[in-house]
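Data first, discussion second: the structure below is written as structure tokens.
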2 protein chains.
Amino acid sequence: MPDSDNKTVSAPRTKDRDGTEALLISAATAVLAETGFQGLGINTVARRAGCDKQLIYRYFGGLDGLIEALGTRLSTDLADALPPVGEPAASYADLMQRLASGLIAVLRCDALLQRIIVWELAAPSPLVAKLNAARSRALTTWMAAQRGDLAPPTGVDAPAMNAIIIAAVQHLVVSAQAKGVFAGLALESDADWDRLETAIGHMIQLVYGSR
Amino acid sequence: MPDSDNKTVSAPRTKDRDGTEALLISAATAVLAETGFQGLGINTVARRAGCDKQLIYRYFGGLDGLIEALGTRLSTDLADALPPVGEPAASYADLMQRLASGLIAVLRCDALLQRIIVWELAAPSPLVAKLNAARSRALTTWMAAQRGDLAPPTGVDAPAMNAIIIAAVQHLVVSAQAKGVFAGLALESDADWDRLETAIGHMIQLVYGSR
DNA sequence: ATCGCATATCACCGGTCGGTGACATTTGGC
DNA sequence: GCCAAATGTCACCGACCGGTGATATGCGAT
């Protein structure tokens with residue numbers, strides 16, 4: 001019988017709970033990054049991890065618990081992956097420009113973050129809010145580290161302006177992944193993004209520039 | 001038996017194909033606006049319309065055809081609902097500021113448009129692209145009518161800048177509907193939005209203003 | 001009045017979903 | 001060696017999904 005080894009061939013069947021948990025979290029992360037929250041179901045994740053869905057219930061109490069665990073691991077992973085702080089920015093305008101470029105770079109090459117962003121837009125829930133909070137927290141502390149003690153110039157509603165900038169960046173990145181174009185602008189090549197970064201930088205200099 | 005009238009109570013059972021088609025389109029629109037593309041299924045729409053799902057297949061060839069019909073009706077409805085053009089803007093900056101405010105006003109009170117926007121972000125497909133094209137076309141022609149013959153000042157990458165503005169507006173509106181807050185900024189009351197409009201206007205004046 | 005046909009409804013199919021109980025297998029303490 | 005607990009696997013359930021055939025029902029032309 002050729003399938004007599006189907007017990008041992010299916011790889012690390014060793015009874016290692018921690019390993020299995022990590023495997024499940026990785027599987028959920030992969031599924032989410034690849035197919036979005038739509039395909040994120042108990043059966044899909046278990047199939048992807050190569051083990052039974054029952055383990056998701058046993059170890060995480062269900063899919064929600066698994067997502068939550070994914071969130072905590074995400075925040076640590078993301079904190080490690082972000083580029084370290086360089087030399088301090090010369091001005092608040094330079095700082096914001098650098099942050100905008102950094103945000104674009106990080107978001108553009110991380111499908112998982114993009115999926116989480118649209119997930120909360122499409123199907124908001126306390127669970128996704130937690131997940132998004134983990135993402136947001138990591139990015140915020142990273143930004144705060146870059147900021148140092150620079151303060152925005154007076155006469156500008158900095159929170160509103162920064163919200164606008166971040167919103168634009170997030171929407172453009174997500175739109176690029178979804179349709180590759182936005183408002184008639186191509187968002188495929190790096191050159192397209194350089195053009196956008198230039199425009200954003202221009203805008204930031206005008207708003208926050210010393211004048 | 002109290003349910004003896006469940007045959008007649010389901011209202012206009014008259015054999016009117018056009019009426020039924022309109023009923024189905026309205027039902028699909030309502031479902032989409034209320035629960036997003038997630039809940040937009042054959043069974044849900046038919047249940048909402050109060051008739052059998054078979055009719056969706058017969059009249060529209062399936063859910064896709066119904067969505068397409070929804071799209072064509074959307075473009076005409078939207079074109080009629082948009083506010084008429086007022087007196088021409090004094091400058092390109094004023095024009096863009098007015099367009100941004102108008103876009104915010106339109107999007108903020110139209111759940112359907114918001115759902116369509118996130119739909120394409122979450123589950124892009126040729127079908128949704130068509131739907132979105134209908135929406136985009138109506139808004140674009142409306143904007144073009146407002147523009148008249150004003151041209152953006154030289155030295156500014158107007159397409160990129162406008163894409164940034166529109167992206168920011170769309171993302172903020174959709175985020176407001178989903179979570180009521182963005183980047184620490186409350187997006188609930190009209191006052192919150194006035195603040196944002198002021199910031200956007202300020203930015204536009206700096207970028208496009210005569211100086 | 002009746003016949004034909006478009007319209008509307010019902011019943012049913014296969015498939016997938018989330019969820020759960022029962023069973024098999026390995027590990028570790030005694 | 002043995003037993004209990006932890007780990008892993010399988011089978012099954014009810015509910016919902018999209019999709020389709022068969023059947024009722026009413027309108028309009030003749």
Side-chain angles (χ1 to χ4, degrees), chain A residues 3-28 31-32 34-70 119 122-123 125 127-128, chain B residues 3-28 31-32 35-70 119 123 125 127-128:
Chain A
D3 55 345
S4 63
D5 54 345
N6 58 0
K7 289 262 185 55
T8 64
V9 80
S10 56
R13 239 9 175 314
T14 74
K15 298 208 163 193
D16 169 21
R17 168 158 179 169
D18 293 349
T20 306
E21 288 186 1
L23 198 73
L24 283 169
I25 295 181
S26 296
V31 170
L32 181 54
E34 290 168 13
T35 69
F37 69 99
Q38 319 259 357
L40 196 62
I42 286 275
N43 298 290
T44 309
V45 172
R47 226 177 292 132
R48 175 63 169 261
C51 58
D52 200 273
K53 58 180 172 182
Q54 178 79 16
L55 302 182
I56 296 177
Y57 290 103
R58 265 216 267 279
Y59 295 157
F60 300 95
L63 190 60
D64 291 9
L66 178 54
I67 306 293
E68 224 161 325
L70 192 161
W119 189 1
S125 73
L127 177 63
V128 195
Chain B
D3 54 346
S4 64
D5 54 344
N6 58 0
K7 288 261 185 54
T8 65
V9 82
S10 56
R13 236 13 171 316
T14 75
K15 300 207 162 193
D16 170 21
R17 168 158 178 170
D18 293 350
T20 307
E21 288 186 0
L23 198 72
L24 282 170
I25 295 181
S26 296
V31 170
L32 180 54
T35 68
F37 69 100
Q38 319 259 358
L40 196 63
I42 286 276
N43 298 290
T44 308
V45 172
R47 226 177 292 131
R48 174 62 168 262
C51 59
D52 199 272
K53 57 180 172 180
Q54 179 79 14
L55 303 182
I56 297 177
Y57 291 103
R58 264 215 266 284
Y59 296 158
F60 301 95
L63 189 59
D64 290 9
L66 178 54
I67 306 292
E68 226 162 323
L70 192 160
W119 189 1
S125 73
L127 177 63
V128 196

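A note on names: the letters A, B, ... follow the listed sequences, proteins ahead of strands, and every chain is numbered from 1. Note that this is a predicted model, so its numbers are computed, not measured.
- Counting heavy atoms from C-beta on, the side chains of A/Gln54 and A/Tyr59 never come closer than 4.5 Å.
- Listed pair B/Arg47 / D/dC16 fails the phosphate criterion, with no side-chain N or O lying under 4.0 Å from OP1 or OP2.
- A salt bridge is absent between A/Glu21 and A/Arg58; no separation between the charged side-chain nitrogens and carboxylate oxygens falls under 4.0 Å.
- If you take CG of A/Asp64 and P of C/dG18, they are 11 Å apart, rounded to a whole angstrom.
- Going from atom CD1 of A/Ile42 over to atom P of D/dA15 covers 19 Å, rounded to whole Å.
- Taken residue by residue, residues 52-60 of chain A places heavy atoms nearer than 4.0 Å to DNA chain D at A/Asp52, A/Gln54, A/Leu55, A/Arg58, A/Tyr59.
- Counting to the nearest Å, the P atom of D/dG8 and the NZ atom of A/Lys15 are 7 Å from each other.
- Between A/Leu40 atom CG and C/dG18 atom C1' there is a gap of 13 Å when expressed in whole angstrom units.
- Between A/Leu40 and A/Trp119 there is a side-chain heavy-atom pair separated by less than 4.5 Å.
- Under the 3.5 Å distance criterion, the side-chain polar atoms of B/Asp52 are left unmatched by any main-chain donor or acceptor of B/Leu55.
- Here A/Thr20 does not reach the OP1 or OP2 of D/dT7: none of its side-chain N or O atoms lies under 4.0 Å away.
- With rounding to whole Å, B/Asn43 atom CG is found 17 Å from C/dC13 atom P.
- One atom, CG of B/Leu23, and another, C1' of C/dA8, lie 13 Å apart when rounded to the nearest Å.
- Under the 4.5 Å side-chain criterion, counting only non-hydrogen atoms from C-beta, B/Asp16 is in contact with B/Asp18.
- Panel note: side chain B/Thr35, backbone B/Val31; a donor-acceptor pair is recorded below 3.5 Å.
- We find that CZ of B/Arg48 is positioned 19 Å from C1' of D/dC17, with the value rounded to whole Å.
- One interatomic measurement links the two molecules: CG of A/Leu63 to P of C/dG18, which rounds to 7 Å at whole-angstrom precision.
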